[in-house]
Amino acid sequence: MDFKKTYIGRVIYSLVSLTTGLKTTLIEFFTPKVTEQYPENRKTQHISERHRAMLYMSLDENGNNKCIACGLCANTCPNGTITIKTKMVTDEETGKSKKVLEEYTYDLGCCMFCQLCVNVCPKDAIAFNNKYENAVFDRSKLVIKLNK
Amino acid sequence: MKKPAIKSIPYEEFKDNETLESLIAELNKERTNVLVSKLDDLINWGRSNSLWSLTFATSCCGIEFMAVGAARYDFARFGFEVTRNSPRQADLIMVAGTITHKMAPVLKRLYDQMAEPKYVVAVGGCAISGGPFKGSYHVLNGVDKIIPVDVYIPGCPPRPEAMLYGMMQLQRKVKVENFFGDKNRKHSRKEMQDSPIIVTNVPDSLNEKKNQQ
Amino acid sequence: MFDFSTITTAIDQFLRDIMPSQAALLVECVLVALCAVLAYVMFAIVMIFMERKVCAAFQCRLGPMRVGPWGLLQVFADVFKMLIKEIISINNSDKVLYNLAPYLVVMSSVLTFCCLPFGEGLLVLDFNIGIFFIMAASSFGVLGILLAGWSSNNKFSMIGAVRSGAQMISYELSIGICLLTIVVMSGTMQISELVEAQRDGWFIFKGHLPAVIAFIIYLIAGNAETNRAPFDLPEAESELTAGFHTEYSGMHFGFFYVAEFMNLFIVAGIASTLFLGGWMPLHISGFDSFNTIMDYIPGVIWFLGKTFFVIWVLMWIRWTFPRLRIDQVVSLEWKYLVPIGLLNLLIMTLCVVMGWIF
Amino acid sequence: MNPTFIDIKEFRQHMENLRRKGMDFLRDLIGMDWGDEGLGAIYALENTATGENIQVAIRCESRDNAHIPTVCDIWSVAELYEREIYDFYGIIFDHHPDMRRLYLRNDWVGHPLRKDYDESEALNPIRMENESPEDVQRPYEIAEEAQLKELAKQTNKIHGDQYIINIGPQHPATHGVLRFRLALDGEEIRKIDIHCGYIHRGIEKMSEKLTYPQILALTDRLDYLSAHQNRHALCMCIEKAIGIEVTERTQYIRTIMDELQRIDSHLLFLSCAAMDLGAITTFIYGFRDREKILDIFEEVTGGRLIQNYNVIGGVQADITPDFAHKVKEYCKYQKGKIKEYNDVFTNNIITQKRMIGVGVLTREDAISYGCTGGSGRASGWACDVRKRHPYALYDKVDFKEIIYNNGDCYDRFLVRIDEIKESIHIIEQLIDNIPEGDYKVKTKPIIRIPEGRYSAAVEGSRGEFGVFIESRGEKSPYRLKFRPMGLPLIAAMHKILKGAKVADLIAIGATLDYVIPDIDR
């Protein structure tokens, strides 16, 4: 008869398997811990460049942006995260009227970070950054005006 | 004005200090007693450092919530690791994931079952606004429509650090609250009684609310 | 070695001098009760903190870090919170039993706690059937759990309570047999005498093989008695949400929580008293200078050191193994632990009769 | 592949014949609303012995009173699929034993996937009162193996005098929001009634209004643990339909990512199974190692869980330069860690006692219920899509399909552990040979799929994930159906639960490895 199946065999086999488990956790007990201490390591921590935490509009030193108010991003967004308000401005030199951006609103609270807006933008006016500390107390604070 | 302090992050670097300050101003209007306010500070210290959350997850964000609990991010460092499965023992509910029409009454009921003081954190796009599924026929667009939300953590799903950040925001909010005085309770008893949850699958004799109707 | 009874006798004498002996007795009772409850709470806090840190270390993480240095104040924060948390009253529950249950559980563990010999002369209850009293006092904790499950008007609680009834009553037997093994060996049931009998060597060394087996069985059964993994079925989180205390909130839940940890402390304390020599220092015959150094370490430290070592081992077990199923729990007891325990008792008796113990 | 339409009168006979000819696996059942042509359904069938695939369709012209004969006695899984179609389209399946809604509340007005569905808030406001249990329902008998037809006659409810507990919708062991209504006898389970739909998000209906790139974003959120594979399936289907060939480099990246995702999912499976059985430390170990994959994902795709990586024609961004190095490092690390899991959990006597011989799913049942993935392979059914219908690079790499034969919880567990090793093996073959080239081919800005029906399937982390598109040449699909990986698993639940205890339900649920948003969609 198989020793493993006898009464004594079962007891011994169980004890062996249990001790193996205990041994493994004991080794873990003494190995250095893997925890990253988040708020303490804020300065040194590495977040992937590609991480998408929030949409932003790159502004130059005068606060100008590259947006041409074409509305492609707002149209391609699956759930209406982006709304664009435009106005018509007449160029003084040429006299032609031109559509310019008045307000670019982005609702961080319902963005799904699918990157379609960034992909579709013809001027690379918008991009995602990796600043993830965005929790707020008020829902309305999540609706952000991106242009200045 | 008292400024709630959190280790390792200066007050100024936190987002949305305006809302917090207006909350403090509102709460401090009626408070004069120094002794009471010291006691309040002590109680708030206890409360804010012992936020036990209900294990509640419906979808993707729930997995990130588990990741926060695991070794790398380890929310035990903050004392949040005692996640309770029974709403009676939990202090906060992290609504992690989409809430659908069918789930909405369940969520409300869980919230009602929790003991005061209780807090709600809306995690991720779905819980904040319906997120990716905003246009769906079966999705609740934001849990703040049925329960009061204290902190919103945007992301889809938010990364674990963002969740920890959100929890610290909640700590800040807890730290400015008053234990003494009626501002404490989020809902009056009256409101609780009027809450629209009606239990339908018990005998009518036991169902007080139904009998009242 | 310092005998703590000199202090207690002095206090007793002082009190009797200033007031009639009846009143002195009353004051003493109150004092002792206060001390006991204070110590109980203190150890509970230490235990909870230890559990959280040890568990974290086994799971390659850090555990509480941010409340006070190394998270030392974490448990105090929890206690503050728990004290002011709302206690929900449940509709359609048996109110009296529902409110009574947590106190029963705590009472049982306080009573047992009082039997632990922390040092020479430093124990509250010491009479000739001490072991018997411990068994009796610890076994009515299950009553509290059953009542909690019954009165909550919750089906999960009910299943948890019934599970716990089946489990705790079964495992009481094994504990009894193990304790009996030691009683057979020492010939006394009084706690202080049991410790005294280990002056020339701890029972686990004196009783060699049968004592070691009894020790192991005691640890397993003791773990089951405290409802801790791998025997945490009454509150099996993934099955029954929170088991018998699902409906309890605030401090009522806190009592269950504390009692669970203190039961662990008590199990470990009894183990160290009966098997590891209680507050007796470690002596190795032949090494006289070593023995003298050991004697300088106070008995309280010896006792706590041993107890916390046993607790650490139990935590190690808890954080390693998965949970058993209820039928497996019961069959482990009745098919393995009880027969082995009985056989072990027989061997021990034989050893005692033949004089094979040291 | 275009389905053959069968006349409703000959339908039953035809289906029975097909089953007799060996069409034993109902891959998918797709409800359809063809507008004026009526409502109907498409049945995708496979012969597991020969690998032959056919599609059969049925149509009934009456919209208000649509009736189709049931096939749930031929393929058991059809029971839940048909309930789903009843829920979405209002088609009544004759002789179905349990014609209840599957996902939506029973007081829901209308059938949402119909083209004429009225979505107004007024009809279906957010109802805050609890759902009342429906009167006619058939809980699945576990104790006896009666035929479905007989059961249909005795529509016995779960009675009030039985000890009934609700596991879920909010319960730590259901991995989300699934609800089991159990009738207990002591610790033993007598009856089970499964309620889904607590996370039904209506993705399929939403897709009918979105453009194809927009739909892609939703697939990640179906089964978030096979986000890559889900997206891969849809991309593949669309690429097939519009006739683009992706580059070799893309194929390599996709395959490696799929396998990394599979390891990620299996590690999570291991962790959660351990947690459900009470071994919390193993749970943490699994998560610790999973973080390393998530790091790689985040570095390359920018997302940890929801990656948004595959796009039509390629991938979103090229891999980072140190990708290969990191993946190789990870593979080496992971191989060492598997022993640790085995030591602490798999070989533990308590685990074995809890799992061996518990929750047996036979091979026949696995096929009849369509339980693909690890659960099917543990029952001895070679159902791996990577072998059955190779896609991407799976016909070029050498790998073994892991098959166990007992079909119990322990085998289901071992399959996943071994698959981690197999996936590492696949990755190691590919990682050094990623060819140079474009990571994405140019596509038109607006993607329209030519009229027709298209389908594609991949091996997701927990079974076959299929996509079915019916297009009318628009920029959004006329009908899009995802084959859920989890629905067949929970359909088989009452069969598996035979003689099980409450604790076994947890072990079975953990090892079946379902993800609820994938079931509910």
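Just so we're on the same page: letters track the sequence lines, and every chain starts at 1.
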**OP:** Please name the pair of heavy atoms, one in D:R231 and one in D:N308, separated by the smallest distance, quoted to 0.1 Å.
**Re:**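 Of all heavy-atom pairs spanning D:R231 and D:N308, the closest is NH1-OD1, 3.0 Å.
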**OP:** Could you tell me which portion of A:N130 (side chain, backbone, both or neither) has an atom closer than 4.5 angstrom to a non-hydrogen atom of chain D?
**Re:**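 No part of A:N130 comes within 4.5 Å of chain D.
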**OP:** Step through the shown structure and confirm whether more than 12 heavy atoms of other residues, nucleotides or ligands are within 6.0 Å of NZ on D:K328.
**Re:**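 Correct, the count exceeds 12.
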**OP:** Mind ranking A:V16, A:V34, A:N119 by heavy-atom pairs under 4.5 Å with chain D and telling me who comes out on top?
**Re:**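 Option with the top pair count is A:N119.
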**OP:** Count the heavy-atom pairs under 4.5 Å between each of A:M112, A:H46, A:R10 and chain D, then report the option with the highest count.
**Re:**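 Looking at each option in turn, the highest pair count goes to A:M112.
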Original post:
So, A:F128 versus A:F113, ring centres under 6.0 angstrom or not?
Top reply: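 Yes, ring centres under 6.0 Å apart.
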Subject >> is_close_aromatic(D:F413, D:F345), centroid dist under 6.0 Å >> reply: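 They qualify: ring centres under 6.0 Å apart.
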Subject >> Step-by-step side chain to side chain contact (heavy atoms under 4.5 Å, CB included) determination, D:Y410 to D:Q352 >> reply: CA-CA 7 Å; D:Y410 197 56; D:Q352 293 184 347; 3.1 Å; yes
Proximal component of [X], with respect to chain A [non-hydrogen, under 4.5 Å]:
X	result
D:L216	neither
D:Q316	side chain
D:R304	neither

Original post:
With respect to chain A, which residue among D:T282, D:T301, D:T211 yields the maximal number of heavy-atom pairs within a distance under 4.5 Å?
Top reply: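 When all of D:T282, D:T301, D:T211 are compared, D:T301 has the most.
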**OP:** Return the option, out of D:I215, D:V300, D:D220, D:N347, with the maximum number of heavy-atom pairs under 4.5 Å with chain A.
**Re:**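 Ranked by heavy-atom pairs under 4.5 Å with chain A, first place is D:V300.
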Original post:
For residues A:T25 and A:E28, is any side-chain donor paired with an opposing acceptor at under 3.5 Å?
Top reply: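 Result is no, nothing qualifies.
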